[in-house]
Amino acid sequence: MSDKEEEPRIGVFVCSCGSNIGGLIDVKALAEYSKTLPNVVFTEDNLYTCSETGLAQIKNGIKDHNLNRVIVASCTPRTHEPLFRDCVKKEGVNEYLFNFVNIRDQNTWCHQKYPQEAFEKAKDLIRMGVAKAAKLEALDNIIVDATPTALVIGGGVSGMTAALSLANQGFETHLVERENELGGRLKTLHKLFPNDQKAQLLLDNLKKNVGSKENLKIHTSAQVKNIEGFVGNFEVSVEENGNNINLTIGVILVAVGTSLFTPTGYFGYDGKIRITQHELESKLNNNDVKAKDIVMIQCVGSRNDERVYCSSVCCMTALKNALVLKENNPKSNVSILFRDLYTPGTHYEDYYRRAREEGVVFIEYSPEKEPSVEENQIKVYNQYLGEELLIPYDLCVLSTPLVSNNDNKALAQMIKVPLEENGFFLEAHVKLRPMDFATAGVFICGSAKWPVDITESISQGYAAAARASTIISHDTIEVEGATSFLPDYNKSLCTGCEVCIKVCPYNAISKNEEDEIVITQVLCKGCGVCGATCTNHAIIIRHFTDQQILSEIYAYGGKEV
Amino acid sequence: MKNLGENSKSVVIIGAGIAGIQAALDLGDMGIQVHLVEKQSCIGGRMAQLDKTFPTLDCSICILAPKLSECYRHDNITLHTLSEIQKIGGSVGNFSVDVLKHARYVKEGVCTNCGDCGAICPVRGITNFFDANLVTQAAAQIAFPAAVPAAYRIDPNKCLYLNYEICGLCYQNCGADAIDFTQKDSILSLDNIGAIIVATGLDLAEDIHTLNIYGYQKYDNVITAMELERLICASGPQAGHLSRLTDGKHPKKIAYLQCIDSRSQKGQMYCSSVCCMYTTKEAMIAFEHDNELESYVFYIDMRAGGKGFQKFLQRGAKEYNIKYLKSKISHIDVDKDDNPIITYEDYETSEIKQLTVDLVVLATCIIPSRGINKLADVLGIDLDHYDYVKTNPFLPVETSAEGIYTCGCAREPMDIPRSVAEASGAAARAAEVIKGG
Ligand SMILES: Cc1cc2nc3c(=O)[nH]c(=O)nc-3n(C[C@H](O)[C@H](O)[C@H](O)COP(=O)(O)OP(=O)(O)OC[C@H]3O[C@@H](n4cnc5c(N)ncnc54)[C@H](O)[C@@H]3O)c2cc1C
Ligand SMILES: Cc1cc2nc3c(=O)[nH]c(=O)nc-3n(C[C@H](O)[C@H](O)[C@H](O)COP(=O)(O)OP(=O)(O)OC[C@H]3O[C@@H](n4cnc5c(N)ncnc54)[C@H](O)[C@@H]3O)c2cc1C
Ligand code: SF4
Ligand code: SF4
């Protein structure tokens, strides 16, 4: 950062985004218009500013025209700001002197039918962006040390896998399981689809591997009680068998799995001859199934109004148990009443075919005409035959969904991450950041995120370990410099009302021993809530100062500040 | 940022679709050196071809482009395009890998992607795989404008200069002096490779054999889902204004046929996993272009188990005028205006019915990447009975050879979220080898 106030020399790059922007409004004309704005010394339009070609054009612009502020008018900062910031930084311009103007998501996309108005709006947005850019200040990112340790919460198959991988990568890892034994759901299953291996065998192997690592500390009958701090530096207190342990942790992985759904009130469920698949597996483990006519009903408590989702493992579970029952007693009759059979991919479709070949009977029903379970027969309307079938049974097995744990909410609050509408954990981006949370340094894997089978629980366990490793493989962490702060010269303005402490969603604000407001820089996400709430304007949000925001407003209204 | 510990060993990743890219970025971010080997001239794989993606309907290239650039710029990732694996030696922790790098005939860092070479090249009519072969290009070509690396290439099979030593117009026309006809195919020998990741992804049924069921190739108004992705994409051949290839008319009624060559005795026995979902997505996008559009989805089982997928289907039915018909298709004819007529059996009523539409879209089967057999031989890994890379259900990212991992559609058809997760998973396993010693 130079001490002297430099004259702003702004470059404006207007992106066509293929035809996303250029198809509706004239980007060349926008670039021309930008040239007329104060402090703008160079403008250019690009087909894709984010392409290597576009980035090279920005770099050349900076070099050839001595730019000290750069504006890209294009898609959305959500996906593209890091890229452009990085680009200007590599050319020696402080990344906070880059300003993004959104003329796609918030303009051409939403005003598709009004090209003229969209063009005018783009001009307004660019003019405002230019005004702000002139007022931008160079900032430094905040760099903190990181502890190369990991905490995995939940000792089911996904949590064990994640912990093992992190330990194998050389990181000190703590695995916290609230039950007195590792294993999660695996502990109570019988055999496993799609290879019919004994669940116990997989569990024993996993436990053996997990138990053999010196840098992997297993805490059973343990619960996470409190988490303070932030990425690289979490202070975690764990209660293990009544004792309190304090750990300093770099990254946290959530692998708390799911709960079971008890289908009280569905199809005469009684836990005896009308049971769940999970209860059937316990019976199979105890060699306790004598039934000859078995009917399974799919989507019990799922894919309905209350629980819209497909639980994705219950169709395969039904096939598996049907095959087991057929194998145990080839004379038994097993029917599966289903809506859509969920067996995607190669292995699962093969498995479905095998069940058909083994004589399992598949009967489709529609949710409008649900099967009715009577004392010892089941009535189901089959659309294909156009008639009602009567199936006798001595065991009726209900395929119920995996549901989220009741206490996910408390955990979510402790680690400051969101849940989705069904109570499963919500990742940062469904497609491209499936294992990350928006909160830095916290990751998710396995069925706690969404019902998945063991194959996916394992690959997600590894995946979360990889994502976590990208952080703790380094001894420091860098976070955004655009934070809020209470400058010394504003301290006298603060009345100590503590409103900011209450509104901060990231718990970044506290009071020190001198009763002064302190904002932990590395926790602040720069959301601005505190600054907007502070009645005395004591808090300043870097990169969004009053002056910067007002300059945009005046630029819109046509008045200079 | 300093890396903890020196990692002298690197990882070779084969295939730079979203899976290969994610694995490369994760390893690179851990401070591990990566060689990312891609047979095409650019990276991105299938995801780069898609218009929007389910279930969030983000624009595919918009969320992918930053990753492509990140890969290109990453200090720890070396990109090898137009490259294949020729030979490997050694074993886990210490492989040696020979990479055959085909000449681009254009200098990568020098080319400005201006397109002057392609404009002047007299050779025309070479189909562009990226646009599902719906458009043609010159022998001096680029798959799409935002391709990474952002450099043209010369097609050595079609270039007049390379074959007959005549022409050379591009060479004269290139203002940046980027054309280099002296480039030769070369072998790059990489040593000290700790682990290898196979991320060779998918191809489609229509890529390997002339798909001629349901009137495909006989009737121009029967197209594949990938063709629709390109036709409806703002950067595709019709600039996003979907119209019929026969008469340019905007379709008002579109039928989507599921499980084409999938779950079939005649084609492949397996389920392609993603078509139920992308069909609803395609119907939604088409509806967004034209709110009077009617869509009909002919399906067997609707497979929607992923996060938010059932909700997505409900939205399709409620807000996007999509009708789902559980049915079995018999055959397709066309009327005098080239409108496809679908004859089918309705499962709800067991009746034989007919429906005339403007356009039919086939959800064709996903197949293993062409060339996977050869690659498996070179690597010494097993394939399953469908030629996907063989894995054990409880060791999902491990191949049959120690130190060689796999992820994404190379091992089974799957969607992007799962491919990305598995890619990170494979990266973790590779990192265990490198960091764990
Ligand atoms: C009846 C049935 C049959 C199945 N059969 C198969 C099959 O054959 N093949 C297959 O692939 N899949 C099968 N599945 C699915 C399989 O069980 C799941 O994929 C797998 O268990 C998910 O593993 P997980 O680690 O995500 O969660 P879980 O196995 O649920 O483990 C979560 C762990 O976290 C612990 N925990 C929870 N909250 C906390 C907390 N706050 N603090 C500390 N610890 C906590 C729990 O005690 C538990 O040990 C079946 C499921 C059911 C219900
Ligand atoms: C029509 C259609 C629509 C879809 N829509 C969606 C959607 O909306 N949402 C969603 O989540 N998923 C969707 N998918 C699925 C999605 O395309 C895949 O999940 C994803 O592309 C898989 O990524 P990948 O990296 O495994 O494979 P690919 O994308 O196929 O990438 C593999 C890469 O490896 C390269 N390669 C292959 N062989 C070799 C070799 N021998 N040497 C070197 N390189 C090699 C290829 O050139 C390619 O670049 C869709 C698929 C199709 C067909
Ligand atoms: S997996 Fe099968 S039984 Fe379970 S909710 Fe999905 S469709 Fe229904
Ligand atoms: S800017 Fe946001 S995160 Fe930072 S202290 Fe204020 S309210 Fe908290």
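Since the model is a prediction, treat every value here as computed from it, not as a measurement.
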Please classify the contact of A/Leu47 with chain B as side chain, backbone, both or neither, using a heavy-atom distance under 4.5 Å. side chain

What I'd like to find out is whether the side chain of B/Leu395 reaches to under 4.5 Å of the side chain of A/Ile458, using heavy atoms alone. no

Sort out for me which of B/Met414, B/Gln268, B/Glu70, B/Glu348 touches chain A most, counting heavy-atom pairs under 4.5 Å. B/Glu348

Counting C-beta onward and ignoring hydrogens, is there a side-chain heavy-atom pair between A/Leu83 and B/Arg73 closer than 4.5 Å? yes

Heavy-atom contact with chain B under 4.5 Å, split by part of A/Gln112: neither

Interface moiety of A/Lys449 toward chain B, non-hydrogen atoms closer than 4.5 Å: both

Do B/Cys62 and A/Cys75 come close enough that some side-chain heavy atom pair is under 4.5 Å? no

Pair B/Arg303 + A/Glu349: basic N to acidic O under 4.0 Å: yes

I'd like to know if the side chain of A/His347 and the backbone of B/Asn392 have a donor-acceptor N/O pair within less than 3.5 Å. no

Backbone N/O of B/Ala431 and side chain of A/Gln169: donor-acceptor pair under 3.5 Å: no

Thinking salt bridges, do A/Glu420 and B/Lys307 make one under a 4.0 Å N-O criterion? no

Quick one: what part of A/Arg433 sits under 4.5 Å from any heavy atom of chain B, side chain, backbone, both or neither? neither

Student check: side-chain heavy atoms of A/Ser469 and B/Lys435 closer than 4.5 Å: yes

For the pair B/Ser273 (side chain) and A/Gly345 (backbone), establish whether a donor and an acceptor sit closer than 3.5 Å, ignoring hydrogens and angles. yes

A/Trp450 (side chain) donor-acceptor with B/Gly308 (main chain) under 3.5 angstrom: no

At a 4.5 Å cut-off on heavy atoms, which part of B/Gln314 comes close to chain A: side chain, backbone, both, or neither? side chain

Does a side-chain heavy-atom distance below 4.5 Å link B/Pro145 with A/Tyr48? yes

Any sub-3.5 Å donor-acceptor pair from A/Thr455's side-chain atoms to B/Pro393's backbone N or O? yes

Flag side-chain contact, heavy atom, 4.5 Å: A/His429 against B/Asp58: yes

With a 4.5 angstrom heavy-atom cut-off, is it the side chain or the backbone of A/Thr343 that approaches chain B, or both, or neither? both

Can a donor-acceptor pair be found between the side chains of B/Lys326 and A/Ser366 at a distance below 3.5 Å? no

Between A/Phe193 and chain B, with a heavy-atom cut-off of 4.5 Å, which part of the residue counts as in contact: side chain, backbone, both or neither? backbone

Taking the side chain from B/Ser69 and the backbone from A/Cys50, do they hold a donor-acceptor pair closer than 3.5 Å? yes

Under 4.5 Å from any heavy atom of chain B, what part of A/Gln57 do you find: side chain, backbone, both or neither? neither

For A/Leu55, is it the side chain, the backbone, both or neither that has a heavy atom under 4.5 Å from a heavy atom of chain B? side chain

Taking every heavy-atom pair that is under 4.5 Å apart, which of B/Thr53, B/Ile300, B/Val148 has the most such pairs with chain A? B/Thr53

Proximity breakdown for B/Tyr72 and chain A, heavy-atom pairs closer than 4.5 Å: side chain

With side chains defined as the heavy atoms from C-beta onward, is the minimum distance between A/Asn205 and B/Phe394 less than 4.5 Å? no

Quick one: does B/Asp301's side chain have a donor or acceptor within less than 3.5 Å of a partner on A/Leu341's backbone? yes

